[in-house]
2 protein chains.
Amino acid sequence: MSVASKAISNKRAAVIKALAHPSRLLIAESLMKGEQCVCDLKDLVGADMSTVSKHLTLMREAGVLNCEKRGLNIYYSLACDCLGEFLRCVDKLATGGTKTKRCC
Amino acid sequence: MSVASKAISNKRAAVIKALAHPSRLLIAESLMKGEQCVCDLKDLVGADMSTVSKHLTLMREAGVLNCEKRGLNIYYSLACDCLGEFLRCVDKLATGGTKTKRCC
DNA sequence: ACATTACTTGGTCATTTAGCCAAATAGATT
DNA sequence: AATCTATTTGGCTAAATGACCAAGTAATGT
């Protein structure tokens, strides 16, 4: 693999990784309905505010979320409306019936 | 969150996690062209065979891959043909221009 | 039966991740 | 200016991940 395509591969993996955690997935799904501030998301996830904040920073740095400060609150929103089709595929895989248990 | 929806959330996250690594992403993309055996994928990834094998096991257990043994070789294939739309969204996010650098 | 080939499994180690708490910052309110 | 509220940052620790090597297994060829 070339250096360039390795960089692309890493960037893609970072985006996917930003969604590869139950709490972050929950956050992403909730934001499909519209922007929310950190304390809303903290209630949703049920973890320490600092923990949630770190998840959000990670997602923003990966390019998955945008944020905007208004007054005391910081509102996070999805950077792309394609999450639906992303999740459609994930659910297909997550609920897929005929898995190969083993072959060896 | 209920216990049931937490379980679903974890399952989804496991599927996403199975794709959230440069080597595993590379493997998934390569398998879009058709099944391949472990040594092919080892050459593709360029890591130790045992490392690749562990990646493949993880992906299979998450439900992303199927495998079938024929002779000495084990052939891995994608469990779902929806990877294309999945990656379309990932690329949109990975290459997205207007990212919020910071807001605080 | 013995060697070979293709994989997997177990062990170990370094790195990353995820959680919490305490402290810092920034805007709003008094 | 002092305080309150919302959020981030730093520090710490426990747990998970990813890589390699060495050893084990299973089908094939001799």
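Every heavy atom of this structure was used, including side-chain atoms; hydrogens, water molecules and symmetry mates were not. Residue numbers start from 1 in every chain, and the chains themselves are labelled A, B, ... in the order their sequence lines are given, proteins ahead of strands.
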Rounded off to whole Å, could you give me the [atom1]-to-[atom2] distance for the [X] and [N] pair?
X	N	atom1	atom2	answer
A/D48	D/dT8	CG	P	12 Å
A/K42	D/dT8	NZ	C1'	15 Å
A/L58	D/dT7	CG	P	18 Å
B/L19	D/dT17	CG	C1'	16 Å
A/L65	D/dT8	CG	C1'	16 Å
B/M59	D/dG18	CE	P	12 Å
A/H21	D/dA15	NE2	P	15 Å
A/M49	C/dA26	CE	C1'	13 Å

Compare the minimum distances between each of [options] and the side chain of [X], then state the nucleotide with the smallest one.
X	options	answer
B/A47	D/dC20, D/dA6, C/dC20	D/dC20
A/K69	C/dG19, C/dG27, C/dC20	C/dG27
B/S50	C/dG19, D/dG18, D/dA22	D/dA22
A/K17	C/dC7, C/dT17, C/dA28	C/dT17
B/N73	C/dG27, D/dA26, C/dA6	C/dA6
A/S53	D/dT9, D/dC20, C/dC7	D/dT9
B/C39	C/dC7, C/dC20, D/dA19	C/dC7
A/H55	D/dA19, C/dG19, D/dT8	C/dG19

Q | Lys NZ or Arg CZ of B/R70 over B/Y75 ring: under 6.0 Å, within 45° | A | yes
Original post:
Taking atom CD of A/E35 and atom OG of A/S30, what is their separation to the nearest 0.5 Å?
Top reply: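 Interatomic distance, A/E35 CD to A/S30 OG, rounded to 0.5 Å: 12.0 Å.
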The reported gap from CG in B/L44 to CD1 in B/I27 (rounded to nearest 0.5 angstrom) is 7.0 Å
Could you walk me through whether B/L41 and B/L31 pass the side chain to side chain contact (heavy atoms under 4.5 Å, CB included) test, one step at a time?
CA-CA 9 Å; B/L41 296 169; B/L31 291 179; 4.3 Å; yes
| So what does B/R70 hit on the nucleic acid, given a heavy-atom distance under 4.0 Å: a base, only sugar-phosphate, or nothing? | nothing
Review point. Would you say a side-chain N or O of A/T51 is under 4.0 Å from OP1 or OP2 of C/dC20?
Key: yes
Quiz prompt | A/Y76 side chain near D/dT8 phosphate (N/O to OP1/OP2, under 4.0 Å) | solution =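 Answer yes for this pair, as a side-chain N or O of A/Y76 is under 4.0 Å from OP1 or OP2.
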Closest to the 5' end of DNA chain D, once A/V52 and A/L72 are matched to their nearest nucleotides, is A/L72
Practice item. Check for a donor-acceptor pair, side chain of B/R24 on one end and backbone N or O of A/A13 on the other, with a separation under 3.5 Å. Key: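 Side chain of B/R24 to backbone of A/A13: no pair is present.
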* Give the intermediate values and the outcome of side chain to side chain contact (heavy atoms under 4.5 Å, CB included) for residues B/L19 and B/M59. => CA-CA 8 Å; B/L19 293 162; B/M59 295 172 86; 4.2 Å; yes
*asked:* Suppose we call a contact any N or O donor and acceptor under 3.5 Å apart; does that hold for the side chain of B/K54 and the base of C/dG11?
replied: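 Checked by distance alone, the answer is yes.
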